[in-house]
There are 2 protein chains.
Amino acid sequence: MKLYDGGRAPNPRRMRIFLAEKGIDVPLVPVDMAAMAHKSAEITALNPFQRLPILELDDGTILTESVAISRYFEELHPEPALFGRGAVAKAQVEMWNRRVELYLLASITAAFRHTHPAMVEWEIPQVATWGEVNRPKAVAYMKIMDDQLATNEFIAGSEYSIADITLLVAMDFLKPAKIQIPEEFVHLKRWHAAVSSRPSAKA
Amino acid sequence: MKLYDGGRAPNPRRMRIFLAEKGIDVPLVPVDMAAMAHKSAEITALNPFQRLPILELDDGTILTESVAISRYFEELHPEPALFGRGAVAKAQVEMWNRRVELYLLASITAAFRHTHPAMVEWEIPQVATWGEVNRPKAVAYMKIMDDQLATNEFIAGSEYSIADITLLVAMDFLKPAKIQIPEEFVHLKRWHAAVSSRPSAKA
């Protein structure tokens, strides 16, 4: 088994944090995204969407999408449970992971990819207006996260989950996207400090 | 238990098809999205993201996001399995469901919401250029789906899954988004005819 890794980009980082929380060691194959190696013929043959991470099993089976790969490991190594326990909690984790990813992280990513000069070869074509309209959207979504964290230790409730991993990566991606965390989001900031202090955050 | 439904929009339809495939009957509460009822104070209190569907359990627990609600029902009613069986198949279903949703359906939705005159109060602000650049992206993603369906009966492999539901809803959303299915995508068209003939497609 080997994991094609993409360094600092959000999805490879989500994957590494998940594995660190699980205590699972998988050999990493570094892919130099800054050199556009994820668009190479080799990577495209593994994943036609040219995205990382990619997990290659010993029998040659290919799995892509960090959440799908995470679910594979959750099935094989159920503890600690990072997708919730029981029907309601599993649905709540999935709900919050999607809310963080599809609304907050997506808006931050759009702001970064469509306005940052370094992304001109990545996001073809860049649509600067689209990047700009995503900045206030990201702040509006952070407000909903802050409200949730006012009464919950973690984003999906009382237990740390994959949704916290997605939210951590999203929050740490605000800086390159040039979006500020408003000072008044004190619950989100309390949560961010707590989750950032876990050893997995360095993965 | 009751399900706040949103009629013809893609995510409410995904939910109803999933329930039809499972043979589960849930009382529906119609929400008139054309009249913007999903932005009402009542719906916003249930889901601050103002999206449908929303499932309300008898104890008042609220679940949103069609995939999260679907997973809740999969946990309670495992057969027929629509999220795959076993670690590898579960990961493959999740991978394809994400590929269809995050790339193909997202690009079709962006084309529709950012260019259709009826969406001017929904997508604020509309960014027409962003809508336009998503049309060729949708076609490129359909090519990858067509390649997968050249050697697989269903999008995630040999069994019908939630990923087929997402793909069906995406394909049927091409027309309002004014995107054509290229004639040469014969495998995708074969699959579309087969999945459309299932009774659940009318849900």
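Lettering of chains follows the sequences in order, A, B, ..., and the numbering in each one begins at 1.
- Counting heavy atoms from C-beta outward, B:Leu102 and A:Glu65 have side chains that approach closer than 4.5 Å.
- Using a 4.5 Å cut-off between heavy atoms, A:Glu123 touches chain B through its side chain atoms alone.
- In B:Glu121, the CD atom is not crowded: 12 or fewer heavy atoms of neighbouring residues, nucleotides or ligands sit closer than 6.0 Å.
- Ring planes of A:Tyr103 and B:Phe49: parallel class, angle under 30° (limits at 30 and 60°).
- Interface remark: of the candidates B:Lys137, B:Glu74, B:Arg51, B:Arg51 forms the most heavy-atom pairs closer than 4.5 Å to chain A.
- With contacts defined as side-chain heavy-atom distances shorter than 4.5 Å, the pair B:Val88/A:Leu57 qualifies.
- Here the CE-CG distance, from A:Met95 to B:Leu63, works out to 6.0 Å after rounding to the nearest 0.5 Å.
- Each of A:Leu76, A:Val93, A:Val67 has some count of heavy-atom pairs under 4.5 Å with chain B, and the biggest count is that of A:Val67.
- The shortest distance between side-chain heavy atoms of A:Arg99 and B:Pro48 falls below 4.5 Å.
- For the pair A:Gln92 and B:Thr61, the minimum side-chain heavy-atom distance is below 4.5 Å.
- Note on ring orientation: taking the six-membered ring where Trp is involved, the planes of A:His114 and B:Trp130 are perpendicular (angle over 60°, cut-offs 30° and 60°).
- Between atom CD of residue A:Glu75 and atom NZ of residue B:Lys90 there is a gap of 3.5 Å, rounded to the nearest 0.5 Å.
- Counting non-hydrogen atoms of neighbouring residues, nucleotides and ligands closer than 6.0 angstrom, the CZ atom of A:Arg190 exceeds 12 such neighbours.
- Heavy atoms of A:Asp59 lying under 4.5 Å from chain B are absent altogether.
- Among A:Val133, A:Ile62, A:Ile144, the residue making the largest number of heavy-atom pairs under 4.5 Å with chain B is A:Ile144.
- Atom CD of B:Glu79 has more than 12 neighbouring heavy atoms from other residues, nucleotides or ligands inside a 6.0 Å radius.
- The two residues A:Tyr72 and B:Ala91 come nearest to each other via the heavy atoms CB-CB, 3.8 Å.
- Remark: A:Glu184 CD is packed, more than 12 non-hydrogen atoms of other residues, nucleotides or ligands lying under 6.0 Å away.
- Using a 4.0 Å cut-off between a side-chain N of Lys or Arg and a carboxylate O of Asp or Glu, A:Arg98 and B:Glu94 do not qualify as a salt bridge.
- Contact annotation: the side chain of B:Thr129 never approaches that of A:Thr129 to less than 4.5 Å [non-hydrogen atoms, C-beta and beyond].
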